[in-house]
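Remember, it's 1-based here, ligands and their atoms both numbered in the order they're listed. None of the values given here were measured: they were computed from a predicted structure.
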Amino acid sequence: MKSQHVCVVGSGYVGLVTGTCLAEIGHHVICIDNDPAKYEALKNGRIPIYEPGLDRLVKKNVARKRLSFGQWISEGLKEASIVFIAVGTPPQPDGSADLTYIESVSREIAEHMKAYTVVVEKSTVPVETGEQIEHTITRYKRKDVPFDMVSNPEFLREGTAIEDFLHPDRIVLGVKSKRAEKIMRDLYAPLKAKRILVTDLKSAEIIKHASNSFLATKISFINSVSRICELVGADATQVAEGMGLDPRIGASFLHPGIGFGGFCFPKDLEAFHYISKKLGYDFDLLAVVKEVNEGQRIHFVKKIEKALWVLKGKTIAVLGVAFKPHTDDVRFAPALDIIDRLQSQGARVQIFDPIALEKAAPHLKNVTVCENAYDAVKGADCLALLTEWPEFKRLNYKRIKNLMTTPLIMDGRNCLDPAQMKKLGFDYQGMGRS
Ligand code: NAD
């Protein structure tokens with residue numbers, strides 16, 4: 001395999017994992033981030049995000065001199081012939097994706113490209129962004145340097161990002177030239193991916209938005225089913241199991257609960273809906289998916305209210321704030337919204353999360369942050385389980401019952417065993433389980 005020189009712009013959850021894994025498979029990578037705090041941390045051997053296994057892999061590849069860090073794109077493009085754009089595409093109030101980071105990175109790439117470069121769009125972007133990047137680079141480049149645009153959407157999941165990157169179920173390459181396709185195939189060759197799907201640029205961009213929107217739809221679908229189950233006294237987890245046994249449906253993403261969050265599903269769903277309307281087709285199914293998702297959080301708070309009658313003055317122990325387990329990411333986490341809603345009704349919140357408390361701190365006002373789950377449940381009128389960290393399943397619930405004022409568990413992720421909880425004397429309520 002020929003080792004390539006790669007520059008990754010944006011060293012966040014996607015960029016840092018991408019850069020590190022490309023170094024791990026033998027390439028020479030420089031990861032750029034213009035956030036001085038992030039750059040300083042990386043330069044000094046500290047990993048600014050929590051992702052299992054990443055710390056070790058970064059250290060290993062820095063020591064091998066295959067991975068380095070920089071703050072400016074000019075440094076990154078000194079040697080690289082492939083540049084990945086992995087900056088954020090956050091949502092704007094109207095639901096559209098904010099592409100200002102992408103645009104400014106495109107201009108900088110144009111300014112500093114030295115020889116033929118493959119520009120890879122790794123960030124999740126609305127369809128036709130690749131074309132805009134291409135126009136921008138063409139307009140701003142100083143010399144007549146050739147380049148090719150590639151869309152290479154990322155499907156990694158936080159918490160299992162390294163495994164997902166190193167063992168992908170598919171790699172999607174949206175390309176416009178055979179030359180770029182060959183370079184990208186060579187780059188990824190050591191991964192021995194099960195399937196490399198080569199498409200045009202726009203189809204690759206739509207694959208990412210459509211995939212995330214579809215998964216979000218699956219979650220909202222089972223959550224709607226779970227509401228019917230609650231009304232008639234059926235068990236949504238059994239219904240989901242029965243549905244999932246059909247290979248046309250599949251079992252994944254059929255878990256009733258408080259809904260999805262994170263940096264991807266909510267914003268990608270909205271951005272896909274926005275772009276569809278802009279293009280002249282209102283994909284309004286996606287608006288309902290969002291509405292159902294938000295409704296689950298409201299419903300969860302209502303369930304606590306129903307159980308406790310009045311929330312004002314009650315103490316709620318919240319276990320879990322990360323949007324899912326094995327990450328410190330709290331962006332658009334359902335837990336933050338639920339905490340807000342509980343507080344707005346006068347409830348006191350005591351919280352514990354094994355990893356995400358530091359990232360959550362700026363969002364938590366008047367919340368008692370606890371060192372462990374047992375401290376969080378002390379004197380609580382309700383335990384609200386909001387992230388399915390495996391350690392929460394292994395807690396000593398007998399001890400928890402003794403520490404609480406009233407033994408009420410509201411399991412927003414259906415991760416505890418209802419029969420066992422009832423046996424211990426809890427008033428246990430899951431989602432979609434009457
Ligand atoms: P992030 O916020 O963790 O990382 C983005 C990084 O880009 C930040 O560190 C920021 O400082 C840096 N940055 C911004 N402008 C820059 C510039 N001009 N030069 C250098 N660095 C710059 O975001 P993320 O979670 O890694 O997501 C990045 C993109 O990947 C988004 O489009 C997202 O939708 C997509 N994506 C994310 C995931 C995920 O699980 N997080 C998965 C697949 C795709």
Ring-ring centroid check F283 F272, cutoff 6.0 Å
yes
Looking at atom 43 (C) of ligand 1, what's its closest protein heavy atom, distance included?
E154 O, 3.3 Å
If I compare all heavy atoms of K38 with all of D33, which pair ends up nearest, and what's the gap?
CD-OD2, 3.7 Å
Which one of T100, L99, D98, V87 has a non-hydrogen atom at the shortest distance from atom 13 (N) of ligand 1?
V87
Verify whether one side chain among H255 and E388 offers a donor that lies under 3.5 Å from an acceptor in the other.
no
Atom 40 (O) of ligand 1 sits nearest the protein heavy atom E158 OE2, 3.2 Å
Counting heavy atoms only, name the option from V105, N34, T124 that's nearest to atom 44 (C) of ligand 1.
T124
Among side-chain atoms of Y188 and N152, is any donor-acceptor pair under 3.5 angstrom?
yes
Per-atom contacts of ligand 1 with A86, taking only distances under 4.0 Å to non-hydrogen atoms
5 (C), 28 (C)
Out of Y13, F263, F323, indicate the one that has the non-hydrogen atom closest to atom 27 (O) of ligand 1.
F263
Atom 31 (C) of ligand 1 sits nearest the protein heavy atom T89 OG1, 3.5 Å
Which residue supplies the protein heavy atom nearest to atom 6 (C) of ligand 1, what is that atom called, and how far is it?
D33 OD2, 3.6 Å
Would K267 count as a polar contact of ligand 1, with the cut-off being nitrogen or oxygen pairs under 3.5 Å?
yes
If you measure every N or O of K38 against every N or O of ligand 1, does any of those distances drop under 3.5 Å?
yes
Which ligand 1 atoms, with their elements, are less than 4.0 angstrom from a heavy-atom of K208?
43 (C)
Closer than 4.0 angstrom: is that true for some heavy atom of R157 and an atom of ligand 1?
no
Do R227 and Q296 meet the criterion of a side-chain donor-acceptor pair at a distance under 3.5 Å?
yes
Testing the 3.5 Å rule here: is there a donor-acceptor pair between the side chains of H273 and D282?
yes
Only heavy atoms of R331, strictly under 4.0 Å: list the atoms of ligand 1 that pass.
1 (P), 2 (O), 3 (O), 23 (O), 25 (O)
For G10, the ligand 1 atoms with a heavy-atom partner under 4.0 Å come out as 6 (C), 7 (O), 12 (C), 21 (N)
Could you note down all residue pairs passing salt bridge (Lys or Arg N to Asp or Glu O under 4.0 Å) where residues 333-345 supplies at least one of them, sequence neighbours left out?
R297-D337, D337-R341
Which atoms from ligand 1 have a heavy atom of V9 less than 4.0 Å away?
19 (N), 20 (C)
Can you check whether K122 has an N/O within less than 3.5 Å of an N/O in ligand 1?
no
List every atom of ligand 1 that sits less than 4.0 Å from any heavy atom of C264, numbering the atoms from 1 in the order shown and giving each element.
36 (N), 37 (C), 38 (C), 39 (C), 40 (O), 42 (C)
I'd like to check which ligand 1 atoms, numbered from 1 as shown, lie under 4.0 Å from a non-hydrogen atom of G88.
5 (C)
Would you check if there is a donor-acceptor pair between the side chains of Y39 and N44 at a distance under 3.5 Å?
no
State, without any angle test, whether S151 and E121 hold a side-chain donor-acceptor pair at a distance under 3.5 Å.
yes
So is Q71 close enough to ligand 1, meaning a heavy atom under 4.0 angstrom away?
no
Can you find a side-chain donor-acceptor pair between T327 and E158 that sits under 3.5 Å?
yes
Residue pairs involving residues 44-96 (criterion ring pair (Phe, Tyr, Trp, His ring centres under 6.0 Å); sequence neighbours excluded)
none
Per-atom contacts, ligand 1 versus V14 - under 4.0 Å to a heavy atom:
26 (O), 30 (O), 36 (N), 37 (C), 38 (C), 39 (C), 42 (C), 43 (C), 44 (C)
Residue E103 excluded, over 12 heavy atoms near CD under 6.0 Å:
yes
Give the residue and atom name of whichever protein heavy atom lies nearest to atom 4 (O) of ligand 1, and the separation in Å to one decimal.
G12 CA, 3.3 Å
Checking side-chain polar atoms at under 3.5 Å, does H27 have a donor or acceptor matched by the opposite partner on S3?
no
